Enquirer: 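First the structure, then my questions, so here it is.
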Amino acid sequence: MKRLLSLTLFLLAALPLYVQAQSLIRPEQMKPAIILPYVEGSLPAVVAGNAGRLATVTDNARGLWVQSPTTWFAVNGEATNVQAFGAKGDGVTDDTTAVQAAVTAGNAQFPPWTYLVSAAITIPSNRRLFGFQNSIIQLKTATNKAVLSIGTSTDVLIEGLTIDGNRVNQDDATCNAGCYGIFTAPGATRLLIRDNTVKNIQDVGIGLTGVTHARVVNNSISNTGWSGVRVGGASDATTCQFVVVANNVMTAIGAAGVEASMTKDTVIAGNVINDAAKEITQQAILVGYGLDLGDTADGERVLVADNVVRTTTNHGGIRVGGTDITVSGNVVSGTGERGIFVGCTNDVGTYCVRVHVIGNTVTPPTNVADVGIGLLRCNGCSAVGNHVTLSSTSTAAAFSIQDTTGLTLSDNVGEEGNSCLRLIDPQEAVISGNRCKGQTTKGLHITGTSTTKVSITGNLITNLDGGATGGIDTITDSPTYVTVVGNTLRTASAIISSASATSVTEGNSELDNACSINSATALNIGGARANCRYLEIVQSVTPVTSVLASSIGRIVVLKFIGVVTMTDDNANLDLAGNFVTTTNDTLSLISNGVGWTEAGRSIN
């Protein structure tokens with residue numbers, strides 16, 4: 001009885017709370033939730049005030065849909081199937097409206113069909129567009145627009161799609177350089193375009209204008225009327241920064257494979273470019289040269305590395321201009337013109353600064369008048385460890401350098417061609433450790449009117465053509481402080497010359513050259529023999545009583561062919577007594593500037 005009374009009292013106490021709770025719930029909220037079903041492409045129009053309304057599509061779409069104040073979104077966050085918005089994908093129906101609706105709604109998936117569009121598909125921020133093999137977005141005939149437009153959006157990923165610009169059915173004049181495969185506007189950022197096929201584009205395959213933090217990687221780009229990938233534009237507003245263009249394959253490109261004007265902190269690496277410049281005379285890779293800017297230096301902190309360039313029909317391989325640019329490890333072959341060119345030519349007073357060309361391989365341009373690697377108007381620049389091979393009929397130089405200050409030209413290999421290392425007006429240059437072989441005119445040739453402070457050391461020049469006129473030739477118009485020391489020349493025409501009172505030419509070895517002389521009363525080992533460290537003295541009945549003075553510290557070894565009498569006069573020739581030689585005897589002499597002192601002799 002007591003338990004029943006306690007329960008009754010508890011219920012009487014709880015009743016007011018129950019009644020109060022019921023009063024807080026509206027009648028319509030007591031009804032079960034209604035989720036209306038729709039077939040593909042039939043989601044109702046967004047109605048103001050209905051945010052939160054739920055719907056589901058009964059075919060070809062994933063998950064639940066919810067209305068926001070402006071559009072429908074997939075609740076589960078997965079991509080929307082463009083066919084759920086009515087896209088047919090039959091390559092005949094115009095799917096523009098359906099595809100645009102799907103992309104506007106959220107991340108968009110393209111099943112493997114062909115979606116015909118008659119306007120550029122605009123991609124909002126925070127979007128992923130992806131497809132599978134044979135997921136094709138094709139531009140309709142006479143559309144004359146871009147296929148995909150990122151605009152100023154951020155955080156966009158495009159992957160696994162085939163973008164077909166239907167080039168043969170577009171009008172170039174109407175396009176007016178606007179028929180891109182993928183296009184951006186200044187302000188876009190955090191973009192990733194990967195694993196796509198971009199083909200048959202009237203203008204540029206992928207164009208990045210004024211973007212930051214963008215990557216274009218692992219795409220296949222072919223049959224474009226202009227460049228494969230364009231980075232930057234023609235003004236400061238279109239400058240790109242923090243861009244990577246890597247591991248793309250480009251074939252049959254109308255202009256440059258990669259055109260990067262007005263760009264900073266950019267990497268162009270690992271791309272393979274086949275048959276570029278088919279329609280417009282541009283290099284396969286072009287950095288710092290705007291299309292309408294002439295030869296203005298606009299690249300800053302750019303790396304061009306490990307690219308393969310094959311066959312640029314109408315122009316050269318790689319051309320760069322700007323500041324702090326490295327061109328490294330590229331392989332360039334079959335170019336119409338220059339293999340690699342660095343320089344700023346049109347703007348008065350504009351020089352490239354700190355551009356380094358390192359470890360590249362260049363084979364003969366088809367134009368025999370074009371150089372392998374050229375540097376023009378460049379300060380603090382270098383060419384190190386490159387290998388250039390020209391044809392035997394080439395009239396150009398393997399390395400051609402003009403108007404530079406602070407140049408380093410070291411450890412390069414140049415084969416064939418008219419000359420190996422050709423420099424005009426170098427200032428403060430170090431030329432060392434280079435190897436030249438098989439040139440028809442000169443190994444190293446310096447000309448100009450303002451050459452100064454040039455060090456030429458440790459270079460090896462071999463097997464010049466029989467008609468060559470000089471292994472190392474530094475005859476310029478009043479050069480100053482040119483040092484030619486410690487070079488080795490193994491050629492029949494290894495003539496070293498320098499026309500300057502401030503220049504030093506000594507300690508070089510001219511093997512297989514005319515480093516031999518008939519003995520005479522006054523032995524002249526200057527002139528063409530001024531750099532011989534090893535001379536053969538041919539037998540004569542005339543005793544040698546003096547040897548022409550040379551620079552202080554010069555050491556020569558005289559090897560005698562037959563009997564020669566060297567007379568000790570304790571003045572010009574300070575010997576350890578007279579020396580009557582036999583064949584293969586040697587005499588080592590060191591110059592004090594006015595005469596010679598014996599350093600040693602051998603009797604063989």
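These figures come from a predicted structure and were not determined experimentally.
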Enquirer: Roughly how far, to the nearest 0.5 Å, is the OH atom of Y180 from the CG atom of L208?
Expert: 10.0 Å
Enquirer: What's the shortest heavy-atom distance between T104 and P124, and which atoms?
Expert: CA-CG, 4.2 Å
Enquirer: So which atom in R127 and which in V103 form the shortest heavy-atom distance, rounded to 0.1 Å?
Expert: NE-O, 2.7 Å
Enquirer: Supply the atom-to-atom distance N126 CG to N107 CG, rounded to the nearest 0.5 angstrom.
Expert: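 Interatomic distance, N126 CG to N107 CG, rounded to 0.5 Å: 9.0 Å.
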Enquirer: State whether E415 and K437 are salt-bridged, where the test is any N-O pair (Lys NZ or Arg NE/NH1/NH2 against Asp/Glu carboxylate O) under 4.0 Å.
Expert: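 Salt bridge absent between E415 and K437.
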Enquirer: Pair T122, S149 - check side-chain hydrogen bond (donor to acceptor under 3.5 Å, both in side chains), show working.
Expert: CA-CA 5 Å; T122 301; S149 176; 5.1 Å; no
Enquirer: Just wondering, do T143 and V117 contact through their side chains at under 4.5 Å, heavy atoms?
Expert: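 Of all side-chain heavy-atom pairs linking T143 with V117, none is under 4.5 Å.
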Enquirer: In a single word, yes or no, tell whether C420 and C436 have an SG-SG distance below 2.5 angstrom.
Expert: yes
Enquirer: With distance as the sole criterion, is a donor-acceptor pair present between the side chains of T363 and T389 under 3.5 Å?
Expert: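 T363 vs T389: no donor-acceptor pair found between side chains.
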Enquirer: Testing the 3.5 Å rule here: is there a donor-acceptor pair between the side chains of T483 and S455?
Expert: no
Enquirer: Contact between I340 and N360 at the side-chain level, heavy atoms closer than 4.5 Å - yes or no?
Expert: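 Of all side-chain heavy-atom pairs linking N360 with I340, at least one is under 4.5 Å.
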Enquirer: For V304, is there any backbone N or O sitting under 3.5 Å from a side-chain donor or acceptor partner on N330?
Expert: yes
Enquirer: Among N307, N247, D306, whose side-chain hydrogen bond (donor to acceptor under 3.5 Å, both in side chains) with N271 holds?
Expert: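 Answer after filtering N307, N247, D306: N307.
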Enquirer: Between T326 and H356, is there a side-chain donor-acceptor contact under 3.5 Å, judged purely by atom types and distance?
Expert: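 Side-chain D/A pair, H356 to T326: absent.
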Enquirer: Decide whether Q138 and N166 meet the rule of one side-chain donor and one side-chain acceptor closer than 3.5 Å.
Expert: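 No, because no side-chain N or O of Q138 sits under 3.5 Å from a partner of the opposite role on N166.
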Enquirer: Which atom pairs, one a donor and one an acceptor, fall under 3.5 Å between side chains of residues 396-408 and the rest of the protein, sequence neighbours left out?
Expert:
{"residue": "S400", "atom": "OG", "partner": "R422", "partner atom": "NH2", "Å": "3.4"}
{"residue": "D403", "atom": "OD1", "partner": "Y351", "partner atom": "OH", "Å": "3.3"}
{"residue": "D403", "atom": "OD2", "partner": "Y351", "partner atom": "OH", "Å": "2.9"}

Enquirer: What are the two closest non-hydrogen atoms of V357 and V342, and how far apart are they?
Expert: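 Taking every non-hydrogen atom into account, CG2-CG2, 3.7 Å.
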Enquirer: Once rounded to the nearest 0.5 Å, what's the spacing between atom CD1 of I325 and atom CZ of R301?
Expert: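 CZ of R301 is found 10.5 Å from CD1 of I325.
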Enquirer: Just so I know, are the side chains of I456 and V454 near enough to count as touching, which here means a heavy-atom distance under 4.5 Å?
Expert: yes
Enquirer: Just by distance, no angles: are the side chains of N487 and N459 close enough, under 3.5 Å, to form a donor-acceptor pair?
Expert: yes
Enquirer: Given side-chain hydrogen bond (donor to acceptor under 3.5 Å, both in side chains), test N418 with T395 step by step and report yes or no.
Expert: CA-CA 5 Å; N418 176 270; T395 59; over 6 Å; no
Enquirer: In terms of heavy-atom contacts, does CZ of R435 have more than 12 from other residues, nucleotides or ligands at under 6.0 Å?
Expert: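 Not more than 12 within 6.0 Å, no.
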Enquirer: Can you pull out every ring-ring contact (aromatic ring centres under 6.0 Å, His included) where at least one residue sits in residues 241-261? Sequence neighbours excluded, please.
Expert: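 Listed by first then second residue: H213-F242.
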Enquirer: Going from CG on L460 to OG1 on T488, what distance comes out if it is rounded to the nearest 0.5 angstrom?
Expert: 6.0 Å
Enquirer: Of the non-hydrogen atoms in S153 and I123, which two are nearest, and what is the gap between them?
Expert: OG-O, 2.7 Å
Enquirer: Under the side chain to side chain contact (heavy atoms under 4.5 Å, CB included) rule, what do L129 and L161 come out as? Steps first, then yes or no, please.
Expert: CA-CA 8 Å; L129 276 64; L161 295 171; 4.1 Å; yes
Enquirer: How many angstroms lie between atom OG of S220 and atom CG of D195, to the nearest 0.5 angstrom?
Expert: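 Between S220 OG and D195 CG, I get 11.0 Å after rounding to 0.5 Å.
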Enquirer: About how many Å separate OG of S382 and CG of L375, when rounded to the nearest 0.5 Å?
Expert: 8.0 Å
Enquirer: Please determine if D324 and R354 form a salt bridge, counting it only when a charged side-chain N lies under 4.0 Å from a carboxylate O.
Expert: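 Salt bridge between D324 and R354, a charged N being under 4.0 Å from a carboxylate O: yes.
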Enquirer: With a 4.5 Å limit on heavy-atom distance, are the side chains of I158 and L148 in contact?
Expert: yes
Enquirer: Which pairs pass salt bridge (charged side-chain N to carboxylate O under 4.0 Å, His left out) with one or both residues in residues 178-194, sequence neighbours excluded?
Expert: D155-R190, E159-R194
Enquirer: State, to 0.1 Å, how close I268 and V258 come at their nearest heavy-atom pair, and which atoms those are.
Expert: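 For I268 and V258, the tightest heavy-atom pair comes out as CD1-CG1, 3.8 Å.
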Enquirer: So, T212 versus T189: side-chain donor-acceptor pair below 3.5 Å or not?
Expert: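 On atom types as modelled, these side chains qualify, holding a pair under 3.5 Å.
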Enquirer: For T263 and T266, test the side chains for any donor-to-acceptor distance below 3.5 angstrom and give the result as yes or no.
Expert: yes
Enquirer: Mind listing the closest non-hydrogen atom pair of C240 and G232 along with its distance?
Expert: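 Shortest heavy-atom contact: SG-N, 3.3 Å.
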